[in-house]
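Single-structure report; data block below.
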Number of protein chains: 2
Amino acid sequence: MPDAADPAPMNARRKFRREGEERRRQDLVDATLDSVAEHGLEGATVRTIALRAGVTAGLIRHYFPGKEDLLQEAYAALMGRMTEQAKAALVMEDASPRQRLAAFVTANLNAPIIDQRVFSLWATFIGRAGADPSLARAHREGYLGFRNEVEAVVAEVLAAERRKPDAAELRRHAIAINAIIDGLWIEGCLAGEMFSPGELAAIGIKTVEAELGLVPPEQFQEK
Amino acid sequence: MPDAADPAPMNARRKFRREGEERRRQDLVDATLDSVAEHGLEGATVRTIALRAGVTAGLIRHYFPGKEDLLQEAYAALMGRMTEQAKAALVMEDASPRQRLAAFVTANLNAPIIDQRVFSLWATFIGRAGADPSLARAHREGYLGFRNEVEAVVAEVLAAERRKPDAAELRRHAIAINAIIDGLWIEGCLAGEMFSPGELAAIGIKTVEAELGLVPPEQFQEK
DNA sequence: GGCGTTGTTGTGCAAGTGTATAAATAGCCT
DNA sequence: AGGCTATTTATACACTTGCACAACAACGCC
């Protein structure tokens with residue numbers, strides 16, 4: 001119960017704490033992504049973002065020249081996290097190239113990469129790539145980086161099979177496999193409950209191996 | 001040169017013509033799609049849309065209860081055109097199932113289905129499917145319709161090869177092939193100039209046929 | 001403890017938003 | 001030709017938007 005001495009300062013100014021610059025920018029970026037995921041770019045206003053970050057709108061202008069800059073930084077952060085997670089599945093020691101490829105596909109077709117929120121963000125931003133050159137370039141770089149990773153693993157897999165593809169063939173494999181992963185990723189994000197757990201990953205591995213012309217690993221499946 | 005009798009009605013009201021209701025709604029929907037493609041949902045204001053349609057903003061409210069209804073109708077129109085075009089490639093008389101499947105893949109991986117503007121629209125709208133249930137349902141129906149088409153053709157192709165897949169296997173094939181087409185479609189829309197004409201379609205056909213376990217048609221390729 | 005720095009708040013403003021509504025006029029009917 | 005009516009324009013309004021700026025207070029430093 002409040003003490004009798006209740007000052008009741010009608011026009012009390014809000015209490016606040018000074019966070020580090022790093023932390024505040026991070027919070028604002030996260031709040032931006034949350035706002036965009038929930039209400040789209042149209043609903044991501046400086047006030048909505050600030051409210052979610054637990055600050056007032058004016059503070060945004062203290063850390064970013066304008067709202068557009070905050071959006072760009074948020075998009076960059078999103079892309080960074082996505083590619084980072086995707087590539088993380090590739091660092092496996094003591095695994096055959098084929099196992100690493102399968103692990104890569106599996107990682108990309110399960111949580112947390114299969115995620116409706118991330119998909120909404122990706123779609124919302126990428127939808128403006130056609131009009132915004134800076135967004136288009138950011139996507140292009142992320143896409144090529146991803147495809148190069150795929151190409152590198154494919155080269156290892158085929159080398160282990162004593163096959164010597166030329167550059168053009170390797171490129172076609174990478175394009176196709178990238179498409180398979182992307183397509184299944186979208187299906188999973190948009191209608192995840194239509195698939196049983198692990199089903200998309202199983203389909204992905206099977207399709208990718210068929211694309212590469214690998215014989216089914218009977219000894220593993222039949223046991 | 002103007003005649004001497006220049007009335008110069010300073011506050012002249014704009015001349016206009018009365019178009020039919022059908023035509024006006026169509027124009028407004030088209031203008032809406034143009035605005036969204038160019039400036040995103042945030043930039044698609046009633047005034048922008050009206051300006052593009054050659055009318056004034058107030059008229060929108062005469063044909064639609066609110067802006068949201070116009071947007072929904074525009075999305076429905078977009079989806080309708082996309083699936084219509086995609087399915088059109090399937091109506092081929094006097095063609096083997098395998099040829100029809102190849103034609104289907106080819107049609108989906110060339111203009112006008114591979115198109116940056118359409119992709120921008122698709123991404124912009126689909127990005128809100130996570131938050132807007134009506135959008136999510138619209139997509140779900142379109143997706144399942146498309147996948148069922150694929151499944152039907154796949155069944156014919158396999159039947160012609162004397163293979164009897166069960167329902168689960170057929171479903172997996174349709175999911176995988178749908179993913180291949182979607183993934184390549186995205187790659188083509190976002191970075192069309194990175195691929196030579198027909199390259200995506202060639203990759204798509206090859207990957208789809210590998211997924212189905214069809215033997216390469218040597219007699220056609222080697223000639 | 002006092003003080004300066006600066007992160008943070010609160011308020012204000014011009015431009016833009018969707019919507020409501022009155023005024024005008026184009027085109028059809030007789 | 002002259003009116004009727006529905007289409008279209010134009011204006012108004014309440015509200016939101018991004019941004020500018022002054023006041024304030026949290027924290028480090030002496």
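Computed from a predicted model, the values in this text were never measured in an experiment. Labels below follow one simple rule: chain letters A, B, ... track the order of the sequence lines, proteins then strands, and each chain is numbered from 1.
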Legend entry - Length of the CD-C1' vector between A:Glu68 and D:dC19, whole Å: 14 Å

Inset, instruction - Using a 4.0 Å heavy-atom cut-off across all strands, classify A:Arg47 as base, sugar-phosphate, or nothing. - result: base

Inset, instruction - Nearest whole angstrom, please: distance from the P of C:dT19 to the CD1 of B:Ile49. - result: 11 Å

Legend entry - Lys/Arg N to Asp/Glu carboxylate O, B:Arg100 vs B:Glu156, below 4.0 Å: yes

Inset, instruction - Under 4.0 Å between any heavy atoms, over every strand shown, what does A:Phe64 touch: base, sugar-phosphate, or nothing? Just pick one. - result: nothing

Legend entry - Presence of salt bridge, B:Glu199 and A:Arg172, under 4.0 angstrom: no

Legend entry - Inter-residue atom distance A:Lys67.NZ - A:Ile60.CD1, 0.5 Å rounding: 9.0 Å

Inset, instruction - May I ask you to say what B:Glu21 touches in the nucleic acid, namely base, sugar-phosphate or nothing, with a heavy-atom cut-off under 4.0 Å? - result: nothing

Legend entry - Gap between atoms CG and C1', on B:Leu28 and D:dT9 respectively (whole Å): 14 Å

Legend entry - salt bridge (Lys or Arg N to Asp or Glu O under 4.0 Å) evaluation trace for B:Glu211 with A:Lys206: CA-CA 8 Å; B:Glu211 199 281 331; A:Lys206 206 172 154 193; over 6 Å; no

Inset, instruction - Remember a base hit wins even if backbone is also touched, and classify B:Thr56 as base, sugar-phosphate or nothing at under 4.0 Å, heavy atoms. - result: base

Legend entry - Lys NZ or Arg CZ of B:Arg128 over B:Tyr75 ring: under 6.0 Å, within 45°: no

Legend entry - B:Arg17/B:Glu19 salt bridge by N-O under 4.0 Å criterion: yes

Inset, instruction - Scan nucleotides 24-30 of chain C nucleotide by nucleotide, 5' to 3', and note B when protein non-hydrogen atoms come under 4.0 Å of the base, S if they reach only the sugar-phosphate, - if neither. - result: SSBS---

Legend entry - Residues B:Arg117, B:Asp34: salt bridge by 4.0 Å N-O rule: yes

Legend entry - Rounded interatomic separation in angstrom, taking NE2 from B:His62 and C1' from D:dT7: 6 Å

Inset, instruction - Check the distance between D:dT16's P and A:Leu51's CG and give it to me in whole angstrom. - result: 14 Å

Legend entry - Atom-pair distance (CG on A:Leu59; C1' on D:dC21), nearest Å: 15 Å

Inset, instruction - Examine C:dG7: is either OP1 or OP2 under 4.0 Å from a nitrogen or oxygen in the side chain of A:Tyr63? Give yes or no. - result: no

Inset, instruction - Find the distance A:Leu71:CG to D:dT17:P and express it as a whole number of Å. - result: 14 Å

Inset, instruction - Send over the distance from B:Arg25 CZ to D:dT8 P, rounded to a whole Å. - result: 12 Å

